[in-house]
> 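Pasting a structure below so you can have a look.
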Amino acid sequence: MDKKKIIIIITLVVIIILGIGFFVLRGSSLEKTLEEVQAYTSYELICNMDMLENDELRSYQVTSTYALIDDNEYYKVELYDKSLNQSQIIVKNGDGVFVLTPTLNQAFQFKSEWPNNTPKPYIYQSLLDFLSNNEVTKESNGYTVKGEITYENDSRVTSQEVIFDKQLNPVSVSVYDGDGVEIISLEVSEFNANVSLSENDFDEETLLSSSTNVYSSVSSSLPLYPVSLMGSVLETEQMATIDDMTNHILKFTGEKNFTIIESSLSESDNMEVTYIDSDVIDLIDGIAYYEDNQLTYIASGIVCSIYSNDLTNEEMLTVLSSMQSSSVK
């Protein structure tokens, strides 16, 4: 056997040994750790999240809590809007999915598969699914996962990068559009697994009673104005009070006509629950729903509805997602 053949054989042997070593390492470290964390019965994840919407940066502190109790999954996500000093809580318990507005002692109840119906950067199970289905790079301090991803109600999203530490605790999440622009940035400040939780921690009445009046009213922030105008301009703006609720009515005309009604919910002494029997749109920072030619978006104590015979459902969602405090006049 000549030297050339010996070198080739040695090279193949080395490659095979390295390959076996890789899979043994993967099986004994990453896959084993993944199995361990997938068995968590509860966790609390606290993070800071920035979202880029029409060149406006929205900042939130997010607390995401999960518990598996008697084979039932319970979730609670509190989204604290730093600029409005407003908090909105979305909770899933044995009675359904609720959107809570603590300031006003009000709740909206939905039929929904939230939060498992679309990826979310602050839901640990969503991040683990992403890890399982994409390329993992081992780093000195943990793992980096990159891959394509689709957020059902945000057509901008094309890819995501998630960084975990060696124990697969989430460290950061970056979500990008097709041009590689980071549109969601999330930094985890605290992650605790197998924390002590009970059904009462996910009870909508308990959550409202413990949170009411902690945050300020957002009525002074109204009206908000959309940045995405769909070729239209603001024609008229008026304010009306109906049943002690102040409504701001913005009428837009042009290529596509539409009307936006913004309401700052009034505070209630007793908890009020409004049941919504419509298709739910699951967003990163809130929940919306369609009804006839109307799309309603609930976030931070404000209810925004858009009416139009000209806009598609996706266009209506684009308009409401672009609402901000700066005037378009």
Side-chain angles (χ1 to χ4, degrees), residues 15-16 18-53 60 62-66 68 73 75 77 79 90 92 112-194 281-285 321:
I15 291 172
I16 292 171
L18 289 175
I20 293 173
F22 170 78
F23 286 109
V24 169
L25 177 63
R26 183 178 176 87
S28 63
S29 58
L30 178 57
E31 290 187 2
K32 182 179 179 181
T33 306
L34 182 58
E35 289 178 4
E36 291 173 354
V37 300
Q38 287 175 332
Y40 288 162
T41 57
S42 65
Y43 66 77
E44 182 181 65
L45 187 159
I46 302 174
C47 61
N48 289 296
M49 181 177 71
D50 292 332
M51 296 179 59
L52 186 63
E53 292 279 0
Y60 301 87
V62 184
T63 302
S64 175
T65 310
Y66 165 83
L68 180 65
E73 291 189 314
Y75 289 92
V77 173
L79 294 143
I90 309 175
K92 179 180 182 180
S112 172
E113 295 302 316
W114 180 93
N116 297 320
N117 48 346
T118 184
K120 293 177 183 62
Y122 44 71
I123 296 295
Y124 188 47
Q125 290 87 340
S126 178
L127 302 181
L128 293 181
D129 287 343
F130 184 72
L131 181 149
S132 299
N133 295 307
N134 288 281
E135 179 184 349
V136 181
T137 302
K138 193 176 188 318
E139 311 284 359
S140 59
N141 296 323
Y143 304 93
T144 299
V145 188
K146 297 180 181 180
E148 296 180 355
I149 196 168
T150 301
Y151 281 24
E152 182 178 348
N153 294 303
D154 193 336
S155 58
R156 300 175 303 164
V157 175
T158 60
S159 63
Q160 181 171 274
E161 177 183 273
V162 183
I163 297 177
F164 296 90
D165 67 14
K166 292 179 179 180
Q167 289 73 44
L168 289 186
N169 296 326
V171 175
S172 65
V173 181
S174 296
V175 180
Y176 301 96
D177 66 12
D179 296 323
V181 175
E182 186 179 40
I183 54 178
I184 300 176
S185 174
L186 183 149
E187 296 288 336
V188 178
S189 57
E190 190 172 340
F191 181 79
N192 299 304
N194 293 328
I281 303 168
D282 190 4
L283 305 170
I284 295 298
D285 58 346
S321 296

> What I'd like to find out is whether the side chain of F164 reaches to under 4.5 Å of the side chain of L128, using heavy atoms alone.
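Result yes, sub-4.5 Å side-chain heavy-atom pair found.
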> Kindly give the heavy-atom pair with the smallest separation between L34 and S132, and that separation in Å.
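Looking at all heavy atoms of both residues, the shortest contact is CD2-OG, 3.6 Å.
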> Out of curiosity, S189 OG to N48 CG, how far, rounded to the nearest 0.5 Å?
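That separation rounds to 5.5 Å.
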> Run through I46, L45, V77 and flag the one making a side-chain contact (heavy atoms from CB on, under 4.5 Å) with T63.
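Output: one option passes, namely I46.
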> S64 and side-chain contact (heavy atoms from CB on, under 4.5 Å): which single residue from Y43, Y75, Y124 fits?
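The side-chain contact (heavy atoms from CB on, under 4.5 Å) with S64 is passed solely by Y43 among Y43, Y75, Y124.
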> To the nearest 0.5 Å, what is the distance between OH (Y66) and NZ (K92)?
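The distance works out to 9.5 Å.
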> Would you compute the distance between atom CG of L30 and atom CG of L168 and round it to the nearest 0.5 angstrom?
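Rounded to the nearest 0.5 Å, the CG-CG separation comes out at 6.0 Å.
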> Pick from N117, D282, I281: which one makes a side-chain contact (heavy atoms from CB on, under 4.5 Å) with S112?
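Single pass found, and it is N117.
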> Determine whether R156 and E53 satisfy the following criterion, side-chain contact (heavy atoms from CB on, under 4.5 Å), listing intermediate values before the conclusion.
CA-CA 10 Å; R156 300 175 303 164; E53 292 279 0; 3.6 Å; yes
> First locate atom CD of E182, then atom OG of S159, and finally report the distance between them rounded to the nearest 0.5 Å.
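Output value for this atom pair is 10.0 Å.
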> For I183 and V157, work out which heavy atoms get closest and say how close.
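For I183 versus V157, the nearest heavy atoms are CD1-CG2, 3.7 Å.
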> I'd like to know if the side chain of K120 reaches the main chain of T118, judged simply by a donor and an acceptor atom lying under 3.5 Å from each other, with no hydrogens or angles considered.
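Yes, K120 side chain to T118 backbone: donor-acceptor pair under 3.5 Å.
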> Minimum heavy-atom separation for V188 to L186, with atom names?
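Reported closest heavy-atom pair: CG2-CD2, 3.7 Å.
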> Of the non-hydrogen atoms in P119 and S126, which two are nearest, and what is the gap between them?
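Distance-wise, the nearest heavy atoms are CA-OG, 3.4 Å.
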> Is it the case that more than 12 heavy atoms not belonging to N141 sit under 6.0 Å from its CG atom?
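No, not enclosed.
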> Considering all heavy atoms of both residues, which atom of F130 and which atom of Q160 are nearest to each other, and what is their separation?
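Heavy atoms of F130 and Q160 come nearest at CZ-O, 3.3 Å.
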> Could you tell me whether E36 atom CD has more than 12 heavy atoms of other residues or ligands within 6.0 Å of it?
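Result for CD/E36: enclosed.
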> Working to the nearest 0.5 angstrom, can you tell me the gap between S42 OG and E73 CD?
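Atom-to-atom, S42:OG and E73:CD are 12.0 Å apart.
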> Do P121 and Y151 have side chains that approach each other closer than 4.5 Å (heavy atoms only, starting at C-beta)?
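Yes, close enough: below the 4.5 Å cut-off.
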> For a side-chain contact (heavy atoms from CB on, under 4.5 Å) check, start with the C-alpha distance between T144 and I163, then their side-chain angles and the critical distance, and finish with the verdict.
CA-CA 5 Å; T144 299; I163 297 177; 4.1 Å; yes
> Which value, rounded to the nearest 0.5 Å, describes the distance between T33 atom OG1 and Q167 atom CD?
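The CD atom of Q167 is 7.5 Å from OG1 of T33, to the nearest 0.5 Å.
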> Is there a side-chain contact (heavy atoms from CB on, under 4.5 Å) between Y122 and I284? Walk through the geometry before answering.
CA-CA 9 Å; Y122 44 71; I284 295 298; 3.9 Å; yes
> Do the side chain of D179 and the main chain of V181 share a donor and acceptor less than 3.5 angstrom apart?
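Between the backbone of V181 and the side chain of D179 there is no qualifying donor-acceptor contact (under 3.5 Å).
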> Within the supplied structure, the quantity of interest is the number of heavy atoms (other residues, nucleotides, ligands) at a distance under 6.0 Å from E148 CD; does it exceed 12?
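No, the 6.0 Å shell around CD holds no more than 12 heavy atoms from other groups.
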> Should I184 and V173 be marked as a side-chain contact (heavy atoms from CB on, under 4.5 Å) after you check the CA-CA gap, both sets of side-chain angles, and the distance that decides it?
CA-CA 8 Å; I184 300 176; V173 181; over 6 Å; no
